[in-house]
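Notes for the one structure printed next.
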Amino acid sequence: MIPILLTASVDTRGMKGAKFTAKEREKMYVDTLNYYIKLFGSEKYDTTLVFAENSGWSSGSIVNQLYKNDKVTVEYLSLALSDFVQEKGKSYNEMLLIDKAIEKSSSIKDNGCFFKVTGRFPIANLNVLVNEVYKIGGGKILL
């Protein structure tokens, strides 16, 4: 199964335009991860959710709130806060976050590809999209 990459910045550290507190954002990320754990936990294949976080937020604070399911693994990447520069903006840092996740994720390296989705808001039919890719690709994804 292609790993699903979710990018996250739990603590915006005062970034302009941020509308939610770090605790509110944490809840959004936990709710989204739990939604996917439940959604993919009933599929016939194993799924890895790669959660890449760049604000230095405690991994235990999130991981301890996640549902347990033998079919779904969460690979939590806590990336170095010093690599991200707020002054360069959200888009720059999002692309850097994706680059760092590709570099550090064993799941992404092993598969050679990934699905990228936002971390705070669940895509209700993500399993349908993933299944469609497998159907079209004959069960294999070629890069």
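Looking at Ile37 and Val72, their side chains come closer than 4.5 Å, going by heavy atoms from C-beta outward. Counting heavy atoms from C-beta on, the side chains of Thr48 and Ile4 never come closer than 4.5 Å. Side-chain atoms of Leu33 and Leu49, non-hydrogen and from C-beta on, do get closer than 4.5 Å to each other. Taking the side chain as every heavy atom from C-beta outward, Tyr45 and Asn131 approach each other to under 4.5 Å. The closest side-chain heavy-atom distance from Leu6 to Tyr29 is not below 4.5 Å.
Contact record, Leu5 with Ala52: CD1-CB, 4.1 Å, taken as the closest heavy-atom pair. Taking each heavy atom of Thr32 and Pro122 in turn, the nearest pair found is OG1-CD, 3.4 Å. Contact detail for Lys116 and Thr7: the closest heavy-atom pair is NZ-OG1, 2.9 Å.
Residues satisfying the side chain to side chain contact (heavy atoms under 4.5 Å, CB included) criterion with Ser9, sequence neighbours excluded, are Arg25, Asn54. With sequence neighbours excluded, no residue satisfies ring pair (Phe, Tyr, Trp, His ring centres under 6.0 Å) with Phe114. Thr21 pairs by the side chain to side chain contact (heavy atoms under 4.5 Å, CB included) definition with Lys23, Glu24, not counting sequence neighbours. Residues that satisfy the side chain to side chain contact (heavy atoms under 4.5 Å, CB included) test with Ser105, not counting sequence neighbours, are Val50, Glu75, Leu77, Ser107, Ile108. Taking the side chain to side chain contact (heavy atoms under 4.5 Å, CB included) definition, one finds that Lys71 meets it with Asp46, Asn69, sequence neighbours left out. Every residue two or more places apart in sequence or in another chain was checked for a ring pair (Phe, Tyr, Trp, His ring centres under 6.0 Å) with Tyr67, and none qualifies.
The CG atom of Leu79 sits 8.5 Å away from the CG atom of Leu96 when rounded to the nearest 0.5 Å. Asn34 CG to Gln65 CD: the interatomic distance, rounded to the nearest 0.5 Å, is 8.0 Å. Distance OG/Ser106 to CG/Asn111: 9.5 Å, rounded to 0.5 Å. Taken to the nearest 0.5 Å, the CD atom of Glu26 stands 5.5 Å off from the CH2 atom of Trp57.
Residues Val133 and Leu39 share a hydrophobic cluster, clusters being chains of Ile/Leu/Val/Met/Phe/Trp/Tyr side chains in contact below 4.5 Å. Tracing side-chain contacts under 4.5 Å through hydrophobic residues (I, L, V, M, F, W, Y), one reaches Leu129 starting from Val117; they form part of the same cluster. Under a hydrophobic-cluster definition in which Ile, Leu, Val, Met, Phe, Trp and Tyr are linked whenever side-chain heavy atoms come within less than 4.5 Å, directly or via other members, Tyr36 and Val63 are assigned to the same cluster.
In this structure, the side chain of Glu94 does not engage the main chain of Ile98 through any donor-acceptor pair within 3.5 Å. A side-chain donor-acceptor contact under 3.5 Å links Tyr35 to the backbone of Ala124.
Open room surrounds NZ on Lys44; 12 or fewer heavy atoms of other groups in view lie less than 6.0 Å from it. The local environment of CG in Asp70 is sparse, with at most 12 non-hydrogen atoms from other residues, nucleotides or ligands closer than 6.0 Å. Crowding of Lys109 atom NZ: a count of heavy atoms from other residues, nucleotides or ligands under 6.0 Å exceeding 12.
Using the six-membered ring where Trp is involved, Tyr76 and Phe51 have ring planes that are tilted, between 30° and 60° apart.
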